[in-house]
Amino acid sequence: QVQLVESGGGLVQAGGSLRLSCAASGSIFSRNAMGWYRQAPGKQRELVAVITSGGNTNYAEFAKGRFTFSRDNARNTVYLQMNSLKPEDTAVYYCAAHLYGTVAYWGQGTQVTVSA
């Protein structure tokens, strides 16, 4: 079973930074593309960023220039560094493992709250 556990969320002032971590179990972690998603209250879940097994990244427009997605395959961990946070970034952030083009596993989420 692949298990994803997020950490690093919390309360931060606008303009501040947080680094989210997602620790994964499973023997195929290094082969998976990974994604960070977020869901704000009353809104649908949206993609924040994706990273391929080779380390290439793509970001949602709102994340470009502010968020950085990285992975450490040796540690079975991915990270989302979030800088210049805005109140509209407030959401539950989820880590996901992609398998052959679809989300196969979700983490339980970590709350990020950005105050004005």
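Residue numbers start at 1 and run along the sequence shown.
In this structure a side-chain-to-backbone donor-acceptor pair under 3.5 Å is present from Glu6 to Gln108. In this structure, Thr110 contributes its side chain and Ser7 its backbone to no donor-acceptor pair below 3.5 Å.
Contacts classified as disulfide (SG to SG under 2.5 Å) and involving residues 42-81 (residues at least two apart or in different chains) are not found. For residues 74-116, the set of pairs meeting the disulfide (SG to SG under 2.5 Å) definition, not counting sequence neighbours, comprises Cys22-Cys95.
Considering only residues two or more places apart in sequence or on other chains, Thr57 meets the side-chain contact (heavy atoms from CB on, under 4.5 Å) condition with Ile51, Tyr59, Phe69. Scored by the side chain to side chain donor-acceptor pair (under 3.5 Å) test, Thr113 finds Gln111 as partners (sequence neighbours excluded). In this structure Glu88 satisfies the salt bridge (charged side-chain N to carboxylate O under 4.0 Å, His left out) test with no other residue, sequence neighbours excluded. Remark: Ala23 pairs with Thr77 by the side-chain contact (heavy atoms from CB on, under 4.5 Å) rule, at least two apart or across chains. Qualifying side chain to side chain donor-acceptor pair (under 3.5 Å) partners for Glu61, counting only residues two or more places apart in sequence or in other chains: Lys64.
Residues Leu80 and Val48 meet the side-chain proximity criterion, which asks for heavy atoms closer than 4.5 Å.
Residues Arg71 and Asn73 bring a donor and an acceptor atom of their side chains to less than 3.5 Å of each other.
Note: the hydrophobic cluster containing Val2 does not contain Trp106 (ILVMFWY, side chain heavy atoms under 4.5 Å, direct or indirect links). Connection of Val78 to Val112 is established within a shared hydrophobic cluster, with ILVMFWY side chains joined at heavy-atom distances below 4.5 Å, either directly or through further cluster members. Linking Ile, Leu, Val, Met, Phe, Trp and Tyr residues whenever their side-chain heavy atoms come within less than 4.5 Å leaves Phe62 and Leu47 in two separate clusters. The hydrophobic cluster containing Val92 also contains Val103, counting ILVMFWY residues as joined when their side-chain heavy atoms lie under 4.5 angstrom apart, directly or transitively.
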Only pairs under 3.5 Å count here: list side-chain donor-acceptor contacts from residues 33-40, not counting sequence neighbours, and write none if there are none.
from: Tyr37; atom 1: OH; to: His98; atom 2: NE2; distance (Å): 2.8
from: Arg38; atom 1: NE; to: Glu46; atom 2: OE2; distance (Å): 2.9
from: Arg38; atom 1: NH1; to: Asp89; atom 2: OD1; distance (Å): 2.9
from: Arg38; atom 1: NH1; to: Tyr93; atom 2: OH; distance (Å): 3.0
from: Arg38; atom 1: NH2; to: Glu46; atom 2: OE2; distance (Å): 3.4
from: Gln39; atom 1: OE1; to: Arg45; atom 2: NE; distance (Å): 3.4
from: Gln39; atom 1: OE1; to: Arg45; atom 2: NH2; distance (Å): 3.3
from: Gln39; atom 1: NE2; to: Lys43; atom 2: O; distance (Å): 3.1

Donor-acceptor list for residues 8-20 side chains, cut-off 3.5 Å, not counting sequence neighbours:
from: Gln13; atom 1: OE1; to: Ser115; atom 2: OG; distance (Å): 3.1
from: Gln13; atom 1: NE2; to: Ser115; atom 2: OG; distance (Å): 3.3
from: Ser17; atom 1: OG; to: Asn83; atom 2: OD1; distance (Å): 2.9

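Clustering of Ile, Leu, Val, Met, Phe, Trp and Tyr by side-chain heavy atoms under 4.5 Å joins Tyr79 with none of the others.
To the nearest 0.5 Å, atoms CG (Asn32) and OH (Tyr105) are separated by 8.0 Å.
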